[in-house]
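Scroll down for the structure; my scribbles are underneath it.
Here the structure is a predicted model, which is why all the values come from computation and not from measurement.
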Amino acid sequence: MSTLIERAYEEFANNYPKILEKIRFYSNSINDSVKDKLKKIWIDYEPTAVNKSFIAIDGGEFVKELRVGTIFLTNAEAVYGEGVNVSSIDNEIKMGVFRPGNFAKERISEIMNILELSLALRNGNKAEYILMDGSLRKKLNNGKDIEGEEKDLDEIINDENEEESLKNLILKSQILISRLIQNYDGKILWISKNSKGRELFGENISDITVIESLTENPGFTLPFVHTIDEKILAKNKEVKNLEGVEISSFYIRLEKGQRVLKVDLTGRIDDDGIKKIMDSLYSVSIKGYPYPLLKVHYDVKVNKEDRQRILSILGLNHMRGNSWWPNQFF
């Protein structure tokens, strides 16, 4: 252990009482400022399992930045699940190299997004619910000042104009989201486990953190309805269908003491509708999280061994002079 790390542990030990005191202070401060509002919008509800079928979709990525370029692999998978029986039914993979420059990581993220949306469109009719990892707002990104027609994904990836490539990727994502909502409105659940939204309480910390700190029982918040902001939409005939689309957002906890999840759903929903969703998700819940989404998350994850193998196949593990350098140097 280095001398610096040893000193860090000493500092932590010496300041432990103060750190604990501050944590308790912050918790009490949260309680004082939001407890009345929380009482009005949080409803305890013990879900009852109702068996439903699910398509769950998630994507993964591996990005390696070198001085000569950025190597990437993106994948996405769709799994079908009923209860604990979950199996893969479809997948997509894209890999390649981008030139050194701007927008590499942004483009790779959008490529993964497009793969996920394509799988949802292709397989959404095979189950009663479609579970998408993440928030709808994040998937939409920002299409301001972007206009044009949809292009083939490979054509966009191979475009040497990095800025135009990114714009066309965002445009394609928004077109696919428009089609997805047109085809499956009301059955798509966008589920976030790490939402940073602060719309409900306006605190400096996320709504999820507030709810997790002050509640323990299963339950949900009353939905808050908002519309897709037209300012973030690209100019395109299909994307125009997203203008004015309403989104109901609400928070749920499926099991006592487990994590709170944020759910986005297009259209309006009432308490009974939320209870039906909770009953359905509870039938596949593992420690408060829908198992199909958990399964697909681990399927698409590019772990350390996979990364090393990819680099080995490409001969990049043996590049002279690079083996001892920290990643940020090459």
Heavy-atom side-chain proximity of I177 to L117 below 4.5 angstrom: yes

More than 12 heavy atoms from other groups under 6.0 Å of CD on E11: yes

Shortest non-hydrogen contact from G202 toward D207: N-OD1, 4.5 Å

E212 side chain vs V260 backbone, donor-acceptor pair below 3.5 Å: yes

Single-linkage hydrophobic cluster M95~I71, side-chain heavy atoms < 4.5 angstrom: yes

Non-hydrogen side-chain atoms of I55 and I89 separated by less than 4.5 Å: yes

Test item: E149 and N236 side chains (from C-beta on) under 4.5 Å apart, heavy atoms: yes

Full working for side chain to side chain contact (heavy atoms under 4.5 Å, CB included) between H226 and E199: CA-CA 10 Å; H226 48 111; E199 299 93 343; 5.8 Å; no

S109 side-chain N/O to K105 backbone N/O, donor-acceptor pair under 3.5 Å: no

Side-chain (D279) to main-chain (P47) donor-acceptor, under 3.5 angstrom: no

Heavy-atom closest contact (L242 atom, S178 atom, distance): CD2-CA, 3.8 Å

F201 side chain reached by I41 side chain, heavy atoms, under 4.5 Å: yes

Salt-bridge contact K151-E164 (side-chain N to carboxylate O under 4.0 Å): no

NZ (K276) with more than 12 external heavy atoms under 6.0 Å: no

Full working for side chain to side chain contact (heavy atoms under 4.5 Å, CB included) between L176 and E150: CA-CA 10 Å; L176 294 179; E150 182 184 12; 4.3 Å; yes

Under 3.5 Å: donor-acceptor pair, side chain of K187, backbone of A127: yes

Geometric class of the F54/Y129 ring pair [parallel <30°, tilted 30-60°, perpendicular >60°]: parallel

For G288 against L254, the heavy-atom pair lying closest together: O-CD1, 3.8 Å

For the student: nearest non-hydrogen atoms of M112 and G59, plus distance: SD-C, 3.3 Å

Backbone N/O of A56 and side chain of K295: donor-acceptor pair under 3.5 Å: no

Verify same cluster id: L294, V86 (apolar side-chain graph, 4.5 Å): yes

Chi angles and distances behind the side chain to side chain contact (heavy atoms under 4.5 Å, CB included) call for I156, S165: CA-CA 5 Å; I156 301 173; S165 176; 3.8 Å; yes

Point-to-point distance, once rounded to the nearest 0.5 Å, from OG of S135 to NZ of K196: 11.5 Å

Residues K167, D145; criterion salt bridge (charged side-chain N to carboxylate O under 4.0 Å, His left out); working and verdict: CA-CA 9 Å; K167 286 182 178 180; D145 299 327; over 6 Å; no

Smallest separation among heavy atoms of S195 and K262, with atom names: OG-CD, 3.4 Å

Check: V210 and R198 side chains under 4.5 Å, non-hydrogen atoms: no

I269/F250 under side chain to side chain contact (heavy atoms under 4.5 Å, CB included): CA gap, chis, key distance, verdict: CA-CA 10 Å; I269 191 170; F250 50 95; 4.1 Å; yes

Single-linkage hydrophobic cluster, 4.5 Å side-chain cutoff, I114 and I93 together: no

Value rounded to 0.5 Å, distance of CD in E255 from CZ in R253: 11.0 Å

Hphob cluster co-occupancy, I130 + V300, side-chain heavy atoms under 4.5 angstrom: no

Heavy-atom neighbours of R122 CZ exceed 12 at 6.0 Å: yes

Any donor-acceptor N/O pair, E128 side chain to S53 backbone, under 3.5 Å: yes

Heavy-atom neighbours of K144 NZ exceed 12 at 6.0 Å: no

Short N-O contact, K94 and D154, less than 4.0 angstrom: yes

Rounded distance [0.5 Å steps], CD in E230 versus CD1 in I228: 10.0 Å

Test item: V302 and E61 side chains (from C-beta on) under 4.5 Å apart, heavy atoms: no

Common cluster, V284/I191, ILVMFWY with side-chain heavy-atom separation under 4.5 Å: yes

Taking every non-hydrogen atom, the tightest pair across S283 and V50: OG-O, 3.4 Å

N/O donor-acceptor pair under 3.5 Å between S248 side chain and G267 backbone: yes

Carboxylate-amine/guanidinium proximity below 4.0 Å for R107 and E110: no

Value rounded to 0.5 Å, distance of CG in L115 from CG in D58: 11.5 Å

Side chains of I170 and N142 in contact at under 4.5 Å (non-hydrogen atoms): no

Rounded distance [0.5 Å steps], OH in Y45 versus CG in D271: 11.0 Å

Neighbour count above 12 (heavy atom, 6.0 Å) for N161 CG: yes

Full working for salt bridge (charged side-chain N to carboxylate O under 4.0 Å, His left out) between D133 and K193: CA-CA 9 Å; D133 182 67; K193 54 187 177 294; 3.3 Å; yes

Student check: side-chain heavy atoms of Q182 and R179 closer than 4.5 Å: no

L281 CG to L189 CG distance, which is reported to the nearest 0.5 Å: 6.0 Å

Donor-acceptor contact below 3.5 Å, side chain R268 vs main chain E246: no

K37/E203 salt bridge by N-O under 4.0 Å criterion: no

